[in-house]
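Worksheet: the structure to be examined is printed underneath.
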Amino acid sequence: MSRAAVLAGVGAMVPPRAVDNDELSQLMDTNDQWIRSRTGIGRRHWADPGTATGDLAAVAGERALASAGSRSVDMLILATSTPNQLMPATAPEVADRLGLGSVAAFDISVACAGFVYGLATAAGAIASGIADRVLVIGADIWSTRLNPQDRTTAIIFGDGAGAALLRAGQPDEPGALAGFDLGSDGSLKDLAMVPGGGSRERSATEPVPETDQYLYMRGKEIFTHAVNRMGSSSARLLERIAWDADSVDWFAGHQANARILHTVADVLDVPRDKVLIHLDRVGNTSAASIPLALADAASAGRIAPGDRVLMTAFGGGLSWGSAALTWPRIQVPGVLSS
Ligand code: COA
């Protein structure tokens with residue numbers, strides 16, 4: 001029988017500082033009622049100055065290892081678009097901090113779809129025999145890239161990290177990743193981006209606008225693409241793995257906006273009470289959002305062993321991806337602040 005990647009542990013964290021909608025409304029022209037009704041977000045957590053993405057990733061990784069009851073890892077994949085620095089990648093530093101020795105460690109940059117891409121990359125490495133145990137971490141600190149003048153991004157994004165340990169196992173055992181659907185459309189890269197800091201940055205002889213360091217997003221267009229891409233990707237995956245929509249116990253979609261999640265669930269014919277909502281407490285945590293939502297629901301006993309879980313994510317790139325698994329019997333700690 002072929003080798004499959006099986007979920008062995010999950011862990012997640014958000015930094016301690018909670019920023020509620022009322023606090024934001026003192027910084028910019030917005031209010032709690034607008035944010036809640038248009039996004040579903042009530043608060044988010046922002047990292048303190050001096051805290052980097054790798055710091056959050058190491059805590060989430062540690063919790064996933066504890067959840068799995070083993071520190072044996074031979075590859076670490078960190079999905080992030082907000083690395084500690086441009087070079088080198090942050091993953092080797094996280095591996096070192098976790099005491100994993102000289103494991104393969106690398107970053108992948110797929111914005112909010114990064115965790116699903118990380119799972120797919122890990123599953124491929126396990127299926128091919130390149131690795132037996134892969135720690136996949138999704139972590140981002142977007143709070144340092146938010147333009148305080150831009151109320152469409154500043155209200156949405158929060159910081160956090162989530163991790164999953166995958167081990168080699170059998171395709172028919174609980175926790176085995178059942179399949180993937182991945183895609184991208186680079187012709188729409190301008191819909192969400194940080195223009196500065198890369199090799200396309202304007203010549204140093206010309207002044208670089210301060211706003212180039214910030215994330216900008218064309219919210220309405222992103223909203224429409226998010227609904228279409230997460231819906232079609234999920235539908236393709238369900239068909240590929242022969243799961244009926246009504247057999248899905250939990251829809252774990254990327255936590256950007258509750259209206260997006262409910263619309264995708266409607267399109268798929270998945271009842272709204274099966275949609276995992278965690279963004280009310282943490283906002284959009286980008287690559288961390290799906291493992292954070294899973295850890296939150298599993299630690300609270302909402303997701304139970306044997307439940308079918310459909311994950312789908314969408315973000316800048318444009319990039320999207322879906323994955324599915326039947327939940328295994330694992331201990332998952334709550335989503336705690338560091
Ligand atoms: N507080 C108060 N009012 C706001 C506001 C805020 N934070 N942001 C926008 N508004 C105002 C606008 O100025 C506009 O006012 P007007 O009608 O007088 O012109 C009105 O609210 C509607 O703005 P609009 O941009 O159409 O809002 P929206 O319903 O599209 O919501 C987002 C904006 C950003 C919440 C929404 O588009 C969204 O969630 N997009 C997807 C984000 C996403 O998925 N990101 C993940 C991938 S990167």
Side-chain angles (χ1 to χ4, degrees), residues 19-44 79-82 109-117 138-160 183-186 188-195 214-234 251-265 267 275-280 282-290 292-293 311-322:
V19 179
D20 66 17
N21 294 342
D22 288 334
E23 182 175 344
L24 278 188
S25 64
Q26 286 160 22
L27 305 174
M28 62 194 70
D29 182 17
T30 190
N31 59 76
D32 180 60
Q33 198 275 332
W34 192 95
I35 300 171
R36 278 185 197 275
S37 63
R38 302 308 293 164
T39 69
I41 297 169
R43 68 167 198 262
R44 71 290 294 142
T80 186
S81 299
T82 54
S109 171
V110 203
C112 300
F115 183 73
V116 173
Y117 270 73
D140 271 305
I141 289 184
W142 277 111
S143 59
T144 55
R145 295 272 168 194
L146 296 177
N147 183 344
Q149 311 300 321
D150 181 356
R151 61 183 181 170
T152 62
T153 51
I155 57 154
I156 291 181
F157 287 90
D159 304 332
S184 74
D185 182 353
L188 295 171
K189 67 181 189 324
D190 292 347
L191 295 190
M193 68 162 22
V194 179
Y214 294 130
L215 172 70
Y216 85 80
M217 179 177 79
R218 284 167 34 197
K220 260 200 180 330
E221 290 158 89
I222 284 281
F223 190 105
T224 305
H225 285 287
V227 168
N228 292 340
R229 300 306 192 175
M230 289 205 283
S232 56
S233 174
S234 297
F251 176 61
H254 170 54
Q255 307 278 308
N257 187 318
R259 289 189 296 133
I260 294 176
L261 291 173
H262 288 140
T263 309
V264 176
V267 168
V275 177
L276 292 182
I277 297 284
H278 188 225
L279 54 77
D280 53 332
V282 298
N284 177 353
T285 55
S286 199
S289 105
I290 287 182
L292 268 164
M311 299 170 254
T312 187
F314 169 87
L318 302 179
S319 305
W320 57 87
S322 303

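Sequence positions, counted from 1, serve as the residue numbers for this chain. Remember, it's 1-based here, ligands and their atoms both numbered in the order they're listed. Keep in mind the model is a prediction, meaning the values are calculated, not measured. For the numbers below, each heavy atom of this structure counts, side chains included, while hydrogens, waters and symmetry mates do not.
Nearest to atom 30 (O) of ligand 1 by heavy atom, out of His225, Met230, Lys220, is Lys220. Summarising the contacts of atom 44 (O) of ligand 1 with Ile260, Thr224, Leu318, the nearest heavy atom is found in Ile260. Among Trp142, Trp34, Phe223, Trp320, the residue whose heavy atom lies closest to atom 31 (O) of ligand 1 is Trp34.
Within the structure, ligand 1 has Ile156 among the residues with a heavy atom less than 4.0 angstrom away.
Results of the side-chain contact (heavy atoms from CB on, under 4.5 Å) test with Tyr216 over Asn147, Leu146, Asp190 single out Asp190 as the only residue that passes. Under the side chain to side chain donor-acceptor pair (under 3.5 Å) test applied with Asp140, the options Thr285, Thr82, Asn284 reduce to a single match, Thr82.
At a 4.0 Å heavy-atom cut-off, ligand 1 touches Arg259 through the side chain alone. Contact annotation: for Thr30 versus ligand 1, heavy atoms closer than 4.0 Å belong to both the backbone and the side chain. Neither the backbone nor the side chain of Ile35 has any atom closer than 4.0 Å to an atom of ligand 1 (non-hydrogen atoms only).
Shown here, atom 25 (O) of ligand 1 is out of close reach of the protein: none of its heavy atoms lies under 4.0 Å off. Protein non-hydrogen atoms do not reach within 4.0 Å of atom 16 (P) of ligand 1. Protein heavy atoms are found inside the 4.0 Å sphere centred on atom 40 (N) of ligand 1. Checking atom 10 (N) of ligand 1 against the protein gives a heavy-atom contact under 4.0 Å. Counting protein heavy atoms under 4.0 angstrom from atom 19 (O) of ligand 1 gives zero.
When hydrogens are left out, the protein atom nearest atom 12 (C) of ligand 1 is Arg151 NH2, 3.7 Å; that is the closest non-hydrogen contact. Here the protein heavy atom with the shortest distance to atom 47 (C) of ligand 1 is Ile222 CG2, 3.8 Å. Scanning the protein heavy atoms around atom 48 (S) of ligand 1, the nearest turns out to be Met217 SD, 4.0 Å. Among protein heavy atoms, the minimum distance from atom 35 (C) of ligand 1 is reached at Thr39 CG2, 3.6 Å.
Close approach to Ile155 involves these atoms of ligand 1, each under 4.0 Å from a residue heavy atom: 7 (N). Atoms of ligand 1 lying under 4.0 Å from at least one heavy atom of Gly219, given by number and element, are 37 (O), 40 (N), 41 (C). Counting the atoms of ligand 1 from 1 in the order shown, those under 4.0 Å from a heavy atom of Arg38 are 29 (O).
Taking each heavy atom of Ala287 and Ala139 in turn, the nearest pair found is CB-N, 4.0 Å. Phe251 approaches Leu261 most closely through the heavy-atom pair CE2-O, 3.9 Å. Scanning both residues, Trp142 and Ser81, for their nearest heavy atoms gives CZ2-CB, 3.8 Å. The two atoms that bring Ile155 and Leu24 nearest to each other are CA-CD1, 3.6 Å, heavy atoms only.
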**Message:** As a quick check of understanding, evaluate side-chain contact (heavy atoms from CB on, under 4.5 Å) for Phe223 and Arg259, giving each step before the final call.
**Reply:** CA-CA 9 Å; Phe223 190 105; Arg259 289 189 296 133; 3.8 Å; yes
**Prompt:** Step by step, would you call Met28 with Gln149 a side-chain contact (heavy atoms from CB on, under 4.5 Å)?
**Reply:** CA-CA 7 Å; Met28 62 194 70; Gln149 311 300 321; over 6 Å; no
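The shortest distance between side-chain heavy atoms of Pro195 and Tyr214 does not fall below 4.5 Å. Looking only at side-chain heavy atoms (C-beta outward), Ile277 and His262 come within less than 4.5 Å of each other. Under the 4.5 Å side-chain criterion, counting only non-hydrogen atoms from C-beta, Phe314 is not in contact with Ser233.
Between Asp20 and Arg44 there is no salt bridge, since none of the side-chain N atoms of the basic residue sits less than 4.0 Å from a carboxylate O of the acidic one.
Of the possible donor and acceptor atoms, none in the side chain of Ser322 sits under 3.5 Å from a partner among the backbone N and O of Thr312.
At under 3.5 Å, a nitrogen or oxygen of Asn257, whether backbone or side chain, sits near a nitrogen or oxygen of ligand 1. Backbone and side-chain nitrogen or oxygen atoms of Thr152 are examined, and none is located within less than 3.5 angstrom of a nitrogen or oxygen of ligand 1.
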